[in-house]
Structure formats: structure tokens, C-alpha cells
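One structure is given below, encoded as C-alpha cells.
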Amino acid sequence: MDDNRKRSIAILGSTGSIGTQALEVIEEHSDKFEVYALTANNNADLLISQARKFNPEFVVIANENKYAQVKEALADLPIKVYAGADALADVVQAEPIDIVLASMVGYAGLRPTMNAIRAGKAIALANKESLVIAGDIVMERARIAGTPIIPVDSEHSAIFQSLQGCQGKNQIKRLILTASGGPFFGKSREELSKVTLSQALKHPNWSMGAKITIDSATMMNKGLELIEAAWLFGMKAADIDILVHRQSIIHSLVEYVDNSVIAQLGVPDMRIPIQYALTYPDRFESPVKQLDLAEAAILTFEKPDYETFTCINLCRRAIEQGGLFPAAVNAANEKANELFREGKIGFLDIPKAVEAAFDCVKAVSDYTLEDVFETDIAVRKATERLFI
């Protein structure tokens with residue numbers, strides 16, 4: 001940070017896991033940052049509480065049915081309150097905003113992220129789905145606009161940090177994404193057929209929202225991260241490996257052509273990558289616990305069980321085939337994940353839906369954002385028909 005002016009932050013998804021931790025980081029460094037806009041989907045109560053504490057210029061609640069509640073609760077403050085998807089997508093373009101933290105979950109994050117890029121805002125990207133479903137469009141628009149995209153996901157932040165000083169992509173042999181393995185690592189498919197929602201929501205290392213926690217349990221999350229990494233770092237899927245590291249101390253690694261490997265380590269706490277995305281290229285002290293390797297004692301590594309957790313290779317297949325296939329598998333997963341959380345399908349129906357998504361689209365060499373939107377709608381409907 002080159003000047004003494006506070007960086008103005010807009011947080012898309014401020015009531016979610018990433019958003020709430022980002023506000024902790026901002027509060028810790030209140031001399032460096034100020035909150036300009038907060039947005040949420042449904043959690044009006046928490047959004048109101050956050051707004052009263054951080055006094056942003058704008059607040060947006062995506063669920064229009066909750067507009068009156070938010071508006072009334074903040075009536076005594078000079079905060080502009082809006083509602084709906086259009087307002088959410090528009091607020092990121094406000095001139096004073098320096099950084100947009102895109103921490104909305106799922107497909108819904110694409111439109112506001114694209115608007116922020118168009119407006120030339122730096123993007124702290126926690127919404128991996130934006131790159132999964134339209135990676136080449138997003139990255140090309142960012143390149144044209146000169147908009148930096150700094151990853152927030154712990155794995156991609158680790159790679160980003162491990163690439164500091166790299167002189168060119170020709171120096172990189174491969175990227176290695178680490179995975180905790182989720183709550184069901186080592187389980188058989190028969191065992192997975194019987195798991196319950198409460199079991200799937202018990203992640204061993206990370207505290208995340210319900211959708212992402214289920215994605216971790218199916219290991220779909222790692223497949224989506226593979227696609228995201230391919231776009232973020234301009235790598236082929238064949239040059240991205242996955243390694244199960246149950247302790248979540250090493251967050252990812254980069255192997256160079258001379259066979260040296262550089263990794264980023266730290267306790268499993270999302271405030272580290274969130275803070276780095278907001279302060280890059282600077283680093284500041286953090287309230288996060290210091291890593292004690294002697295205390296960690298043993299770090300283990302294993303290959304994923306691709307036959308049991310089929311979502312990983314389905315995502316690899318999607319990015320290798322390109323076009324609208326990544327958008328299709330993402331839409332199928334989001335709908336199936338939702339149906340599982342509603343108790344309407346079983347756990348193993350999620351990878352079944354993801355695989356079925358390949359039959360919903362045709363191979364194309366070029367596509368538009370409108371094609372992405374249409375694919376998302378069509379695949380969600382097809383996924384629902386598959387089970388309901």
C-alpha cells in the first residue's frame with residue numbers, strides 16, 4: 001500500500017464465512033481499510049448488525065422480501081439501502097471502491113464480479129464459480145481492463161504466494177493443490193451411500209458455509225479448485241495435481257522445472273489468505289495463531305481416491321473438454337448439493353448429477369456469457385428432473 005489513504009472495500013456476501021472473517025481482518029486493521037458496501041443474500045439480521053458496526057455507504061440485500069426489514073432497521077443511519085440482484089451487481093461499480101471481495105457462493109457471484117472488473121476494481125476472489133463457469137471470459141476481461149485478480153481460496157492464495165519471484169510460466173513444472181480429504185476420506189462408496197447431512201457438514205479442519213462444506217465432503221470442491229487454478233495461473237489441467245494432506249498445514253505447492261518445490265504453510269485459518277488478498281503486495285501482523293511445526297509434529301500426504309470421489313476427475317474432464325462443460329458440471333453440482341441439503345436426494349446422487357451434466361451440453365469452441373446463463377438454467381432443470 002503506497003499511500004496513507006484507507007483502502008475502500010466492498011464485500012459481496014458479507015454474512016457468509018469469508019465475509020465475516022474479512023470484517024474481522026478489516027476491524028483488526030481499521031487504520032488501513034474502510035467498508036464501503038456490504039451485501040448479503042438472505043441473512044438480514046446479521047447484515048443489519050454488520051452495517052450498524054461498520055457504517056458502510058451502501059447495503060444491499062439480494063432477497064427483496066427483506067428490504068423493508070433492513071431499510072427500517074437502518075433508518076437512523078445515513079446508509080443507502082437497496083435490494084435485488086440488479087442492485088447487488090451495480091453497487092460494485094461505485095467510484096470510491098478500491099477492492100471488491102467477491103465472497104458470494106456459487107453462480108450468483110459471476111455478474112457482480114464481471115461488473116467490478118468492468119469498473120476497474122481490484123478483485124479479491126473467493127467466488128471460485130466465476131472462473132469455473134466462465135474462466136476465459138473473466139480472465140480476458142480482467143486483462144483488458146488491467147484489473148488484478150488476487151485469489152482468496154487458501155489453495156490458490158498459497159500458489160499465488162509460492163509464485164512470487166517466478167520469472168515466467170516456462171519455469172513451472174506443475175501446481176499441487178492440497179486437499180483435507182473432507183469428513184469421509186478413506187470411506188468406501190458403500191459407506192458413502194449411507195451418510196447423512198449432519199455427517200457431511202462436519203468438516204475436520206475448516207469452518208465454512210453449508211454448500212462449500214458439502215462440496216468438500218464430495219471433493220467436488222477440489223475439482224472446482226482445479227478448474228479455477230487452470231484459469232488463474234494459465235496452466236493445463238494435466239499440469240495440476242491434487243494431494244490429500246489431512247492436517248491442512250501446507251496449503252498448496254509449486255514445483256519448478258529444476259524439481260525444487262515451494263509451498264506456503266500456516267494454520268488452517270482463512271483470515272491469512274483474506275488479509276493477504278486485501279493487503280497485497282504488503283504483509284501486516286495478523287491475529288492468526290503462529291504455526292508451530294513441532295506442535296504439528298507429523299504431516300502426511302496421500303493420493304486422492306478418484307474411484308470413490310469421482311467428482312474430482314469429472315471436473316478435470318470438464319476443463320479438458322472446455323467450452324460450456326465446466327458451467328454445466330457446476331450447475332449440476334449446485335442444484336444437487338441444494339437437493340441433498342433439503343433431504344431430497346442421497347449423498348452419492350451428487351456425483352451422479354455432475355456426470356449427467358455432460359449430456360446436457362454440446363462441445364463448442366466459443367461461447368458468450370449469455371450461453372453460460374442459458375446453460376446454467378437448463379442444467380439445473382435437467383438435474384431436478386433427474387431426481388424429482
Side-chain angles (χ1 to χ4, degrees), residues 16-18 21 105-106 126-129 132 152-159 175-229 240-253 266-270 273 296 298-316 318 329-330 332-343 345-355:
S17 174
I18 296 295
Q21 291 177 88
V105 176
N127 174 249
K128 65 174 62 66
E129 290 84 358
V132 169
V152 170
D153 276 350
S154 62
E155 296 83 358
H156 302 86
S157 177
I159 291 172
L175 309 180
I176 305 170
L177 296 170
T178 57
S180 69
F184 303 134
F185 183 73
K187 301 290 186 183
S188 66
R189 287 190 67 81
E190 181 180 356
E191 290 173 304
L192 293 184
S193 68
K194 301 172 185 176
V195 303
T196 65
L197 175 60
S198 62
Q199 290 173 326
L201 288 172
K202 293 179 181 177
H203 195 281
N205 297 336
W206 296 97
S207 175
M208 305 177 290
K211 189 268 181 184
I212 298 176
T213 304
I214 299 302
D215 281 349
S216 179
T218 62
M219 295 198 74
M220 179 71 182
N221 201 42
K222 207 51 51 179
L224 296 175
E225 288 174 6
L226 185 153
I227 297 174
E228 181 184 6
I240 304 173
D241 286 340
I242 294 170
L243 200 59
V244 175
H245 169 52
R246 297 291 282 164
Q247 296 80 19
S248 296
I249 297 296
I250 296 178
H251 298 297
S252 280
L253 315 90
V267 297
D269 191 314
M270 282 303 299
I298 297 175
L299 304 180
T300 61
F301 307 92
E302 300 177 62
K303 292 182 178 180
D305 181 351
Y306 292 111
E307 292 185 7
T308 300
F309 296 93
T310 57
C311 285
I312 304 175
N313 278 339
L314 289 172
C315 288
R316 188 181 292 274
V329 298
N330 180 74
N333 176 68
E334 286 195 20
K335 188 61 184 179
N337 185 307
E338 176 187 320
L339 293 173
F340 174 68
R341 284 181 281 131
E342 293 173 348
I345 65 173
F347 184 76
L348 287 181
D349 286 328
I350 298 175
K352 178 181 177 182
V354 174
E355 186 167 18

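The figures that follow rest on heavy atoms only: side chains count, while hydrogens, waters and symmetry mates do not.
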**Item:** CA sep, side-chain torsions, deciding dist, call: Lys128, Asp153, side chain to side chain contact (heavy atoms under 4.5 Å, CB included)
**Value:** CA-CA 8 Å; Lys128 65 174 62 66; Asp153 276 350; 3.1 Å; yes
**Item:** Main-chain N/O of Ser157 paired to His251 side chain as donor or acceptor, under 3.5 Å
**Value:** no
**Approximate separation, where rounding is to 0.5 Å, of Ser252 OG and His156 NE2** = 7.5 Å
**Message:** So Arg189 and Thr310, do their side chains get closer than 4.5 Å, heavy atoms only?
**Reply:** yes
**Request:** To the nearest 0.5 angstrom, please state how far the OG1 atom of Thr218 sits from the CD1 atom of Ile350.
**Result:** 5.5 Å
**Arg316 side-chain N/O to Ile227 backbone N/O, donor-acceptor pair under 3.5 Å** = no
**Fill in**
Closest non-hydrogen atoms of Ile345 and Phe340, given as atom of the first, atom of the second and distance, are O-CD1, 3.4 Å
**Prompt:** Can you name the residues that form a salt bridge (Lys or Arg N to Asp or Glu O under 4.0 Å) with Glu307, not counting sequence neighbours?
**Reply:** none
**Prompt:** Which residue pairs satisfy the salt bridge (charged side-chain N to carboxylate O under 4.0 Å, His left out) criterion with at least one member in residues 213-229, sequence neighbours excluded?
**Reply:** Glu155-Lys222, Lys211-Asp215, Lys222-Glu225
**Asked** What's the shortest heavy-atom distance between Ser154 and Pro273, and which atoms?
**Response** CA-CG, 4.1 Å
**Test item: Leu197 and Ile214 side chains (from C-beta on) under 4.5 Å apart, heavy atoms** = yes
**Message:** So, taking the atom named CD1 in Ile18 and the one named CD1 in Ile212, what distance separates them when rounded to the nearest 0.5 Å?
**Reply:** 6.5 Å
**Message:** Checking Met220 against Leu314 for the side chain to side chain contact (heavy atoms under 4.5 Å, CB included) test, could you report, in this order, the C-alpha distance in whole Å, the side-chain angles of both residues, the deciding distance, and whether it holds?
**Reply:** CA-CA 9 Å; Met220 179 71 182; Leu314 289 172; over 6 Å; no
**Step-by-step side chain to side chain contact (heavy atoms under 4.5 Å, CB included) determination, Leu177 to Leu243** = CA-CA 6 Å; Leu177 296 170; Leu243 200 59; over 6 Å; no
**Request:** Would you check if Ile250 and Leu299 make a side-chain contact, meaning some heavy-atom pair closer than 4.5 Å?
**Result:** yes
**Request:** Might you confirm whether atom CD of Glu338 has over 12 heavy atoms from other residues, nucleotides or ligands at distances under 6.0 Å?
**Result:** yes
**Prompt:** When you look at Leu192 and Thr308, which way does the side chain to side chain contact (heavy atoms under 4.5 Å, CB included) test go after all the steps?
**Reply:** CA-CA 9 Å; Leu192 293 184; Thr308 300; 3.5 Å; yes
**Complete:** Rounded to the nearest 0.5 Å, the OG atom of Ser180 sits from the NE2 atom of His245 at a distance of 10.0 Å
**Complete:** Distance col, row Glu342:CD vs Asn337:CG, nearest 0.5 angstrom, shows 10.0 Å
**Gap between atom CD1 of Ile176 and atom OG1 of Thr178 - 0.5 Å precision** = 9.5 Å
**Prompt:** Relative to each other, are the rings of Phe347 and Phe184 parallel, tilted or perpendicular (30° and 60° limits)?
**Reply:** perpendicular
**Prompt:** Any idea which heavy atoms bring Ser216 and Asn221 closest together, and the distance?
**Reply:** N-CB, 3.9 Å
